[in-house]
Amino acid sequence: MSTAIDWDALDAVKAQDETEAVTALLQAQPLSLEDRAAVRAEAEALVRGARRSARRQGVVENFLQEFSLSTREGLALMCLAEALLRTPDEETKDRLIAEKIGSADWASHLGKSGSLFVNASTWGLMLTGKLVDVDDEARDNLPGFLKRLAGRVGEPVIRAAVGQAIRIMGEQFVLGRTIEAAIARARAEGDICSFDMLGEGARTEADAARYEKAYAEAIETVGRLSGGQGPEAGHGVSVKLSALSPRYEATQEARVWEELYPRVKRLALIAARHDLNFTLDAEEADRLVISLKLLERLAADTDLGDWAGLGLAVQAYQKRCPQVIAGVARLARETGRRLMVRLVKGAYWDSEIKRAQVNGRAGYPVYTTKPATDLSYLVCAKALIDAAPHLYAQFATHNAHSLAAVRRMAKAAGVKIEFQRLHGMGEALYRAADDIYDGVVVRAYAPVGGHEDLLPYLVRRLLENGANTSFVHALLDERVPAETVVVDPVAAVEAVGPGPHRKIPVPIHIYGDRLNSSGVDLFVTRERERLVRAVQTLTPLTAGAAGGEPVRNPADHGQVVGRAAEASAADIDAAFAAARQAQPAWDAAGGLERARVLRAMADALEQNRDRLIAICVREAGKTLADGIAEVREAADFCRYYARLAETKFAGPEVLKGPVGETNTLELRGRGVFVCISPWNFPLAIFTGQVAAALAAGNAVLAKPAEQTPLIAAEAVRLYCAAGLPAGLLHLLPGRGETVGAALVAHAGCDGVAFTGGTETAWRINQTLAARRGPIVPFIAETGGLNGMFVDTTAQREQVIDDVILSAFGSAGQRCSALRLLFLPNDTADHLIEGLIGAMEALRLGDPADPSTDVGPVIDEDARQALADHLERLKREARVLKVLEAPAGGTFFGPVLAEVPDAGFLEREVFGPVLHIVRYDPEDLEAVAGLLASKGYGLTLGVHSRIEAFAEEVKALVPAGNVYVNRSIIGAVVGVQPFGGQGLSGTGPKAGGPEALSRYCVERAVSVNITAQGGDPALLNL
Ligand SMILES: Cc1cc2nc3c(=O)[nH]c(=O)nc-3n(C[C@H](O)[C@H](O)[C@H](O)COP(=O)(O)OP(=O)(O)OC[C@H]3O[C@@H](n4cnc5c(N)ncnc54)[C@H](O)[C@@H]3O)c2cc1C
């Protein structure tokens, strides 16, 4: 029964050109002209019918009608709903309520909605009505009353009222807290359901085991209480694979088979035993192919007998959707197992768009226009219906047009289908459909679980349905006529053309005036394989003169990556002389010409991307993902500085002044810059420093770190190939104390750009200060003692993801990495447990392996320093977790330890060691003050839903880069200009608008025009 479908082939169209994809959809002509007219008429009738019963429409719909996301109140409520119930301590709850409630105009919503519930919750949320005593003034002068109430939010009665209102809102979406309660309610309401156990994706094995247990019990209970009706007529269960494994990722394929598959199979076996519909929900586009491989294995598994209830959800907003349906239909045919397929449009559209932009993908995996998604839905619906009886089609939509179109297609084909809606939504629409069509089969997707787990789900639904593009949103707005609410996607696409949304440029064009660097999609098997091959086939490299010392792979010291020879004193003198000679012409060439060369360098970096990544992996022990980020950042620096060269160095800037004279300011290069870069960003910082100095019109002598001369040599070769004139850039490999010191002390040095340790920065500063001659600029980027402050409103899974990435990504070898995590007493234990579990899910090993999360540290000195620190932690702190380091190279297993306070660390510990400090929110000032007193100021993180908390932390701890509700690493050139203050650096920030200011000299030129007889401009006014 086994099949051999090449699911990876689907990725060829993952980021397909949108015009091409939509043109193909149009050509598919899912409906004839006649059908289109009929569908439109039916859909309008559905809208009218639904509106007629709007009194009975879902509470959620009423809610959306009143509090759309475009209002402050809608947003405030969403934030409250998401965070309030998980916040354990009353003080923080009050702050959250005060901030969100205080920022909105509730009075404007009072009494507007016809729904009792919405009104009740408005009242509740306004902290008034029956939930709180209303005095006379409230009736006479509501605004004044509310203002005063906002000041009373600390009162328990108000906290209780708001909590209650949010809970009521949430309950509309869940069918029950337990599966038994949900089944009972479904029976009472006469619904067939697909039950889903609420919750976020698993971050730990323990989470995954807990979810498996919950799903298993649910399936068993559904089977026991209402089984025997078969997968079509009876209740079913939907599962999110991300809940069943902390590492459900394409890059972790082996673990998907070892850990996730057995779990899913165990659940499928129970569902098969009860003959239920068991559907794998569709999640992020990056998980599509791995989910299909998993489905294939399940479908072909003979242990599941002839069960015909296995199913999956397929997203029509993905460009690959038609191919997915074709593949799944083939799978069903070849395995002889009928599959149930739920066609959805897709619930992650905004995050798909963001992810593609952040990762510099070639295109979006999803359509960028709503009509294209709707059209795709029709085309895919037809394909699904045509695949009967191998596939049983299920259509999840709340859109009247989609519903009417699908019904017509199925009727014409004589194929039985079912519709699906979300519990709490679409009731009025399906009631109308039931009337008009004389009965339709509808299943409700019904979340089951507690309030705390519900709220993130609720927020997704609110986001999805509160959006202006949403059908539900329009359906509710009585001011919009039914003819306008119903949109025929074929006509809509034809009206605007098949191209992408005009406000959503492809990822490389998001910056407008410069290209975004392009990435590699590691979730595509062929791209991964290509990178792995590039690493395997890398041939030995050289830096500097022939011979030299071997450069070893930190992951395998037996492997020599290449050889590097240290520059001699004569090399340094010769380089200064040649640079001095070449610089004036380069300076005179102007910003436009320099920009051209820098852009060519950016292109060259991208053209050689695979090889450069391979060198980063072998020489610096970088993972593939980090290698990709290196090349992208290097290219971004070149393009960003090219733009600065163009705008700031194209010619003199004319200044305002009196008539009769012209006043201008010109920027020129300083001369010869010395750039000293570190091993932890051996390509990005090396290339970036050089690009900045060159952009400003300087020549450069660049000294790479001792550990990473080979990638630097490659960058220099690329600069030359990109057209950089000879003599301008010299690579001087060698040790800091010899080559570095000589370069800085040299009389020919007109400025120094340095990234590295604070101690070295002090030494350089002293050397420069001791020189007799012009005082030259020193631009230093040094280390940090970076903290992240979490409060009790923060969401566990988000904190875990961001902390793990910030502390252990790149083996903690980033100056921006997280060193001190401040956790509030109330949630610390729970978060620590999650962090330990998430650490256990990390994979350490050869960075060339795409499944590796943490590679080696750079060398034995680094490893030893970390080992010494661990000894100290064992003696003086509480070590919570140490991961075992692989044998071979200089690996160091990540460490989690609890320390009493920030005073425990005097300087940064450069590696994967995270220190936790518990704090009492009352002591925030003192706790944060101790961190600030260390004098560093690089990165700072905050995880909280309370803006005022973030502001407070920001005010207490100085930092050049502050990150709220995200990781604290990975600053993007031009987007998050990077650099610290205090002991962390001098500025200006790398990748920021002022980055070139210290690489140049300014010259003000004033010309008295009247000296030659008068000012013609004035005389001709
Ligand atoms: C029973 C059920 C099960 C579900 N299971 C899943 C699941 O497993 N996985 C999943 O991802 N979702 C799932 N969903 C959610 C589903 O994707 C959304 O509810 C659905 O997209 C709403 O579609 P609609 O036809 O009701 O609404 P409409 O309002 O007609 O369509 C909304 C859709 O258009 C998309 N859209 C909006 N703007 C744009 C734009 N500019 N460009 C392109 N597309 C745009 C939205 O992302 C959304 O997909 C499920 C829904 C139901 C009812």
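When a residue number appears, it is its place in the shown sequence, counting from 1.
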S.K.: Is there a donor in the side chain of R639 and an acceptor in the side chain of N516, or the other way round, less than 3.5 Å apart?
M.R.: no
S.K.: Are side-chain heavy atoms of P777 and R670 found at a separation under 4.5 Å?
M.R.: yes
S.K.: State whether a side-chain donor-acceptor pair under 3.5 Å links T1010 with E661.
M.R.: no
S.K.: I'd like to know if R580 and D750 make a salt bridge, using a cut-off of under 4.0 Å between side-chain N and carboxylate O.
M.R.: yes
S.K.: Crowded around R1003 CZ? As in, over 12 foreign heavy atoms under 6.0 Å?
M.R.: no
S.K.: Can you list everything that forms a salt bridge (Lys or Arg N to Asp or Glu O under 4.0 Å) with R514? Sequence neighbours excluded, please.
M.R.: none
S.K.: Between T664, N663, T662, which is the residue that forms a side-chain contact (heavy atoms from CB on, under 4.5 Å) with S1006?
M.R.: N663
S.K.: Compare all side-chain heavy atoms of R998 with those of P988 and state whether any distance is below 4.5 angstrom.
M.R.: yes
S.K.: Under the criterion side-chain contact (heavy atoms from CB on, under 4.5 Å), I'd like the reasoning laid out for L956 against V927: C-alpha separation, chi angles, the key distance, then a yes or no.
M.R.: CA-CA 10 Å; L956 289 168; V927 171; over 6 Å; no
S.K.: For R966, is the CZ atom crowded, meaning more than 12 foreign heavy atoms sit under 6.0 Å from it?
M.R.: yes
S.K.: Check for a donor-acceptor pair, side chain of S806 on one end and backbone N or O of I968 on the other, with a separation under 3.5 Å.
M.R.: yes
S.K.: Verify, without hydrogens or angle tests, whether Y641 (side chain) and G991 (backbone) share a donor-acceptor contact under 3.5 angstrom.
M.R.: yes
S.K.: Would you check, one step at a time, whether the test side-chain contact (heavy atoms from CB on, under 4.5 Å) holds for L805 with I969?
M.R.: CA-CA 8 Å; L805 181 65; I969 60 166; 3.8 Å; yes
S.K.: How many angstroms lie between atom NZ of K648 and atom OG of S997, to the nearest 0.5 angstrom?
M.R.: 7.5 Å
S.K.: Is there a side-chain contact between F789 and L931 (heavy atoms, below 4.5 Å)?
M.R.: yes
S.K.: Would you mind reporting whether V700 and L728 have side-chain heavy atoms less than 4.5 Å apart?
M.R.: no
S.K.: Go through V917 and V899 one step at a time and tell me if the side-chain contact (heavy atoms from CB on, under 4.5 Å) criterion holds.
M.R.: CA-CA 6 Å; V917 177; V899 297; 3.7 Å; yes
S.K.: Give, for atom CZ of R717 and atom CG of L724, the distance between the pair rounded to the nearest 0.5 Å.
M.R.: 15.0 Å
S.K.: Do the side-chain N and O atoms of Q559 and R618 include a donor-acceptor pair separated by under 3.5 angstrom?
M.R.: yes
S.K.: Is it true that atom NZ of K954 has more than 12 heavy atoms of other residues, nucleotides or ligands lying nearer than 6.0 Å?
M.R.: no
S.K.: Parallel, tilted or perpendicular: which describes the rings of H869 and F904, with under 30° parallel and over 60° perpendicular?
M.R.: perpendicular
S.K.: Looking at D626 and R814, is any side-chain nitrogen of the basic one under 4.0 Å from a carboxylate oxygen of the acidic one?
M.R.: yes
S.K.: Between E666 and R668, is the closest basic N to carboxylate O distance under 4.0 Å?
M.R.: yes
S.K.: Determine whether L718 and L612 make a side-chain contact, defined as any pair of heavy atoms from C-beta on separated by less than 4.5 Å.
M.R.: yes
S.K.: Looking at T782 and L983, would you say the former's side chain and the latter's main chain have a donor-acceptor pair under 3.5 Å?
M.R.: yes
S.K.: Would a 4.5 Å heavy-atom cut-off, applied to side chains only, mark L870 and V913 as touching?
M.R.: no
S.K.: Kindly say whether L818 contributes a backbone atom to a donor-acceptor pair with the side chain of N786 at under 3.5 angstrom?
M.R.: no
S.K.: Hey, what do you get for CG (L821) to CZ (R819), rounding to the nearest 0.5 Å?
M.R.: 13.0 Å
S.K.: Check for me whether K622 meets the cation-pi criterion with F681, that is, NZ or CZ under 6.0 Å from the six-membered ring centre and within 45 degrees of the ring axis.
M.R.: yes
S.K.: Between D868 and R863 (salt bridge meaning N to carboxylate O under 4.0 Å), is one present in this structure?
M.R.: no
S.K.: Does any N or O in the side chain of Q981 come within less than 3.5 Å of the main-chain N or O of G937, such that one atom is a donor and the other an acceptor?
M.R.: no
S.K.: May I ask you to decide if the ring planes of W679 and F910 are parallel, tilted or perpendicular, using 30° and 60° as cut-offs?
M.R.: perpendicular
S.K.: Which residue pairs satisfy the ring pair (Phe, Tyr, Trp, His ring centres under 6.0 Å) criterion with at least one member in residues 570-598, sequence neighbours excluded?
M.R.: F576-H746
S.K.: Has the side chain of N698 got a donor or acceptor atom that lies under 3.5 Å from a matching backbone atom of L694?
M.R.: no
S.K.: Within this structure, what is the CG-CG distance for the pair N961 and L938, rounded to the nearest 0.5 Å?
M.R.: 6.5 Å
S.K.: Without placing hydrogens or testing angles, list every side-chain donor-acceptor pair under 3.5 Å for residues 650-658, not counting sequence neighbours.
M.R.:
none

S.K.: Using a strict cut-off of less than 4.0 Å between a Lys/Arg side-chain nitrogen and an Asp/Glu carboxylate oxygen, indicate whether R735 and E549 qualify as a salt bridge.
M.R.: no
S.K.: Quick check: does any side chain N or O of S984 sit under 3.5 Å from a backbone N or O of G783, one acting as donor and the other as acceptor?
M.R.: yes
S.K.: Looking at R771 and C749, would you say the former's side chain and the latter's main chain have a donor-acceptor pair under 3.5 Å?
M.R.: yes
S.K.: Using modelled atom types only, decide if a donor and an acceptor are shared between the side chain of Y719 and the backbone of A691 within a distance under 3.5 Å.
M.R.: yes
S.K.: Give a yes or no answer on whether the side chain of Q583 reaches the backbone of G697 with a donor-acceptor pair at less than 3.5 Å.
M.R.: yes
S.K.: Applying side chain to side chain donor-acceptor pair (under 3.5 Å) to D636 and S517, what does each step give before you reach the verdict?
M.R.: CA-CA 6 Å; D636 281 336; S517 56; 3.1 Å; yes
S.K.: Measure the shortest side-chain to side-chain distance between K703 and V674 over non-hydrogen atoms and say whether it is less than 4.5 angstrom.
M.R.: no
S.K.: Does the pair R611/E714 count as a salt bridge with the N-to-O cut at 4.0 Å?
M.R.: yes
S.K.: Indicate yes or no: at least one non-hydrogen side-chain atom of P856 is less than 4.5 angstrom from one of P847.
M.R.: yes
S.K.: What residue among F778, F754, Y999 forms ring-ring contact (aromatic ring centres under 6.0 Å, His included) with F673?
M.R.: Y999
